[in-house]
Novice: 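Just dropping this structure here.
When a residue number appears, it is its place in the shown sequence, counting from 1.
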Amino acid sequence: MMPALLIPIVAAAATVASPQAAIEQALTASANGWNSGDIDRFMALYADDAVYVSDATVARGKAEITQRYVKSFAAGANTRGTLRLQPIAWRPLSAVHVILVARWTLAGPAAPQTGMTTLVFERRKAGWQIITDHSS
């Protein structure tokens, strides 16, 4: 028989979300930030030391990445349209690292745009955070 003191610990462990579920929840919150024009909410998923690569550009650190995006946020909206992310492939690298390949789509005032992104997540004290984003 299991000692009574261990039952709450076992029950609590059973409710912990899988890495994929936790990351998908965080991605949804980030996309909701984009779609509502809240850059801080959108950027909350990025680690302070994240690296962002797109085309021939490399941005180092959350502050620099934020500066790349800030011009798209105005008056409580995102001028580039509504963001949707569709996960395509997951690859766990370790207990604290996961790679996600996803398709991003922007639908809005201009013609729809779409592309691919490869995100490397690391589990930190603040939860799962993007440490590398390569989007095209």
Novice: With a 4.5 Å heavy-atom cut-off, do R41 and W34 have their side chains touching?
Specialist: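 No, their side chains stay 4.5 Å or more apart.
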Novice: Could you see if Y46 belongs to whatever hydrophobic cluster contains V70? Use Ile, Leu, Val, Met, Phe, Trp, Tyr and a side-chain cutoff under 4.5 Å.
Specialist: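 The answer is yes; both residues are in one hydrophobic cluster.
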Novice: Which class fits the ring pair Y69 and F42: parallel under 30°, tilted 30 to 60°, perpendicular over 60°?
Specialist: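 If you compare the ring of Y69 with that of F42, the planes turn out perpendicular.
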Novice: Any non-hydrogen side-chain atom of T82 less than 4.5 Å from a side-chain atom of L106?
Specialist: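 Sidechains of L106 and T82: no contact.
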Novice: Considering all heavy atoms of both residues, which atom of N35 and which atom of L83 are nearest to each other, and what is their separation?
Specialist: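 Heavy atoms only, the tightest pair is OD1-N, 2.6 Å.
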Novice: Work out which heavy atom in W104 is nearest to a heavy atom in S135; give both atom names and the distance.
Specialist: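 Looking at all heavy atoms of both residues, the shortest contact is NE1-CB, 4.5 Å.
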Novice: Strictly distance-based, threshold 3.5 Å: is any side-chain N or O of S30 a donor or acceptor partner for the main-chain N or O of A26?
Specialist: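 No; zero donor-acceptor contacts below 3.5 Å.
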Novice: First locate atom CZ of R84, then atom OG1 of T28, and finally report the distance between them rounded to the nearest 0.5 Å.
Specialist: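 Here the rounded value is 12.0 Å.
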Novice: Go through it in stages, so that I can follow the logic: the residues are E24 and W90, the test is side-chain contact (heavy atoms from CB on, under 4.5 Å), and I'd like the CA-CA distance, side-chain angles, deciding distance and then a yes or no.
Specialist: CA-CA 11 Å; E24 285 183 350; W90 293 90; 3.6 Å; yes
Novice: Would a distance-only check, ignoring hydrogens and angles, find a side-chain to backbone donor-acceptor pair under 3.5 Å from R123 to A95?
Specialist: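 Judged by distance alone, yes, a pair lies under 3.5 Å.
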Novice: Do the side chain of T117 and the main chain of A102 share a donor and acceptor less than 3.5 angstrom apart?
Specialist: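 Answer holds: no.
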Novice: Any heavy-atom pair between the side chains of Y52 and R60 that's under 4.5 Å?
Specialist: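 A side-chain contact is absent here, since even the closest heavy-atom pair is not under 4.5 Å.
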Novice: Side chains of T114 and R103: do they bring a donor and an acceptor to under 3.5 Å?
Specialist: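 Result is yes, a qualifying pair exists.
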Novice: Any chance CD of E64 has more than 12 other-residue heavy atoms, nucleotides or ligands included, within less than 6.0 Å?
Specialist: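 Yes, because the 6.0 Å sphere around CD of E64 holds more than 12 heavy atoms from other groups.
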Novice: Looking at F121 versus W128, is the centre-to-centre ring distance below 6.0 Å?
Specialist: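 No, ring centres 6.0 Å or more apart.
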Novice: Heavy-atom distance under 4.5 Å between the side chains of M116 and V101, does that happen here?
Specialist: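 Of all side-chain heavy-atom pairs linking V101 with M116, at least one is under 4.5 Å.
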Novice: Please check if the side chain of T79 supplies one atom and the backbone of S72 the other of a donor-acceptor pair under 3.5 Å.
Specialist: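 Confirmed, T79 side chain pairs with S72 backbone.
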Novice: In terms of side-chain geometry, is the basic nitrogen of R68 or D133 positioned less than 4.0 Å from the acidic oxygen of its partner?
Specialist: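 Looking at R68 and D133, the cut-off is not met.
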Novice: Is there a side-chain contact between K62 and M43 in this structure, where contact means two heavy atoms from C-beta onward sitting under 4.5 Å apart?
Specialist: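 Sidechains of M43 and K62: in contact.
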Novice: When V120 is tested against each of V98, V51, I99, I130 for side chain to side chain contact (heavy atoms under 4.5 Å, CB included), which residue passes?
Specialist: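 Going through V98, V51, I99, I130 one by one, the side chain to side chain contact (heavy atoms under 4.5 Å, CB included) with V120 is satisfied by I99 alone.
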Novice: Quick check on the hydrophobic clustering: are I65 and I131 connected, directly or via other members, by side-chain heavy-atom contacts under 4.5 Å?
Specialist: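 In one cluster: no.
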Novice: Is there a donor-acceptor contact under 3.5 Å from the side chain of D49 to the main chain of G61?
Specialist: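 Not at all, since once roles are kept as given, no pair shorter than 3.5 Å links the two residues.
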Novice: Side chains of L100 and Q20: does their closest heavy-atom pair fall under 4.5 Å?
Specialist: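 Side-chain contact under 4.5 Å: no.
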Novice: Is any side-chain heavy atom of L119 closer than 4.5 Å to a side-chain heavy atom of L27?
Specialist: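 Heavy-atom side-chain distance check passes, below 4.5 Å.
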Novice: Atom OG of S94 and atom CD of E122: how far apart are they, to the nearest 0.5 Å?
Specialist: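 So the gap between those two atoms works out to 8.0 Å.
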Novice: For D38 and D40, indicate whether the former's side chain and the latter's backbone hold a donor-acceptor pair under 3.5 Å.
Specialist: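 Yes.
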